[in-house]
Number of protein chains: 2
Amino acid sequence: MILNRLTKLRKSNNWSLQETADLLGIAKSTYAGYESGHRRPSLEAIKLMADLFQTSTDYILGRVEDPKFQPAFEKTAIELADCLFVDLSVDGSTLSQEEIEYVIAFIRAKRELGQRKEQGKNSVGESSYLNEKTN
Amino acid sequence: MILNRLTKLRKSNNWSLQETADLLGIAKSTYAGYESGHRRPSLEAIKLMADLFQTSTDYILGRVEDPKFQPAFEKTAIELADCLFVDLSVDGSTLSQEEIEYVIAFIRAKRELGQRKEQGKNSVGESSYLNEKTN
DNA sequence: GATTTTTATACGCGAATCGCGTACTATGGA
DNA sequence: TCCATAGTACGCGATTCGCGTATAAAAATC
């Protein structure tokens with residue numbers, strides 16, 4: 001069982017622990033225990049969560065990587081806050097959930113400051129300093 | 001959890017209860033309890049059986065009908081610097097190439113500062129203290 | 001047919017742990 | 001400041017899990 005996945009699934013729906021627990025019909029502390037690793041869900045709880053999060057028990061238990069039964073790149077645009085299908089990485093190491101949240105906040109702040117670049121456009125200008133790290 | 005499925009899976013391999021229990025590394029009476037319904041498997045046991053019988057936990061738990069239905073196993077790790085083929089977005093608007101470069105620089109700077117502020121929060125695996133300075 | 005081996009089922013008990021209530025801290029808004 | 005919400009952690013009662021063991025049926029061996 002992979003702890004981060006539950007948290008990620010819950011946050012992708014913008015649910016609090018209390019909300020999620022209510023939807024599952026269990027106590028908040030119980031569900032919180034699942035996410036923190038203090039408690040492990042029963043078989044029923046696993047199934048309920050798979051239903052609620054619209055994924056599979058195999059994904060929650062860590063047997064498969066893909067939460068959905070569809071290709072990861074079906075969509076061309078991946079919303080960062082909702083990026084369950086892929087792991088993003090920088091310099092080879094995967095971004096943690098917290099880092100992703102920082103990035104989102106960073107982007108928002110940057111846009112807030114009036115740095116409004118064209119949004120739908122892609123200027124494919126390769127930058128040189130990005131490739132300084134070689135594997 | 002659907003009782004008959006375990007028995008069918010076991011017999012399709014022509015295994016006895018003892019054989020199956022040995023393969024799973026549990027007591028015969030324990031596994032027999034799963035089939036008879038007297039006992040319910042733990043999360044580990046469910047995963048072990050899914051592996052052994054080459055099916056999914058969802059099938060054993062009765063969430064899907066097809067025992068051979070496995071989700072796509074495409075490991076999707078996107079290196080941000082190389083993700084020209086997919087669009088990332090925040091709040092619905094696509095990140096420009098320049099923004100992505102800023103994000104990469106942001107992440108690198110953040111990691112450079114040493115991310116020891118968080119402890120035991122996200123542990124990918126069992127050891128949470130081991131990977132603070134790996135490569 | 002009798003004896004031994006294998007298979008399947010069920011019971012009882014000690015140990016493990018599940019789920020809940022509760023308390024605590026941190027954060028943000030009125 | 002006060003209050004509400006979010007997240008975390010602890011203790012306890014009750015559930016039940018996993019094992020050994022016993023029993024019965026079936027199969028195999030002689």
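The model shown is predicted, which means the values in this text are computed figures rather than measured ones. All chains are named by letter (A, B, ...) in the order of the sequence lines, taking the proteins before the strands, and each is independently numbered beginning at 1.
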Tell me the closest heavy-atom pair linking B:Pro41 and A:Leu43, and the distance in Å.
O-CD1, 3.6 Å
Heavy-atom closest pair (B:Leu6 atom, B:Tyr31 atom, distance to 0.1 Å) is O-OH, 3.7 Å
Below 4.0 angstrom, which residues in residues 11-19 of chain B have at least one non-hydrogen atom near DNA chain C?
B:Ser16, B:Leu17
On a heavy-atom basis, which atom in A:Val64 and which in A:Arg5 lie closest, and how many Å separate them?
O-NH1, 2.8 Å
What's the spacing between A:Thr57 OG1 and A:Ile46 CD1 if we round to 0.5 Å?
7.0 Å
Just do the side chain to side chain contact (heavy atoms under 4.5 Å, CB included) check on B:Ile100 and B:Ile104 with the steps written out, would you?
CA-CA 6 Å; B:Ile100 291 178; B:Ile104 293 172; 4.0 Å; yes
In Å, rounded to the nearest 0.5 Å, how long is the span from CG of A:Leu23 to CD of A:Gln18?
10.5 Å
Flag the pair B:Asp51 and A:Arg63 as a salt bridge only when some basic side-chain nitrogen lies within less than 4.0 angstrom of an acidic carboxylate oxygen.
yes
Can you tell me which residue pairs pass the salt bridge (Lys or Arg N to Asp or Glu O under 4.0 Å) test with a partner in residues 30-47 of chain A, sequence neighbours excluded?
A:Arg10-A:Glu35, A:Arg40-B:Glu44, A:Glu44-B:Arg40
Verdict with supporting geometry, B:Phe53 and B:Thr20, side chain to side chain contact (heavy atoms under 4.5 Å, CB included):
CA-CA 10 Å; B:Phe53 294 138; B:Thr20 310; 4.0 Å; yes
Send over the distance from A:Leu24 CG to C:dC18 C1', rounded to a whole Å.
15 Å
Which distance, rounded to the nearest 0.5 Å, do you find between the CG of B:Leu9 and the CG of B:Leu52?
9.0 Å
Taking all non-hydrogen atoms of both residues into account, name the closest pair between A:Tyr34 and A:Ala45 and its distance.
OH-CB, 3.7 Å
The reported gap from OG1 in B:Thr30 to CG in B:Leu24 (rounded to nearest 0.5 angstrom) is 10.5 Å
Could you list by number each residue of residues 30-52 of chain A showing a heavy-atom separation from DNA chain D of less than 4.0 Å, or answer none if no residue does?
A:Ala32, A:His38, A:Arg39
Of all heavy-atom pairs between A:Lys28 and A:Leu17, which one has the smallest distance, and what is that distance?
CG-CB, 4.0 Å
Reading nucleotides 24-30 of chain C from 5' to 3' and marking B where a protein heavy atom lies under 4.0 Å of the base, S where only the sugar-phosphate is that close, and - otherwise, the string is -------
Counting only side-chain nitrogens and oxygens, does A:Arg10 get under 4.0 Å of the OP1 or OP2 atom of D:dG7?
yes
Every protein N/O lying under 3.5 Å from an N/O of nucleotides 13-15 of chain D:
none

What is the distance, to the nearest angstrom, from the CG atom on A:Leu6 to the P atom on D:dT8?
13 Å
Can you see which heavy atom on B:Asp58 is nearest to which on A:Ser56, and at what distance?
OD2-CB, 3.2 Å
When the rotation axes relating C1' atoms of four end pairs to the next four are compared across the helix from C:dG1-D:dC30 to C:dA30-D:dT1, five pairs an end, they differ to 10° by 30°
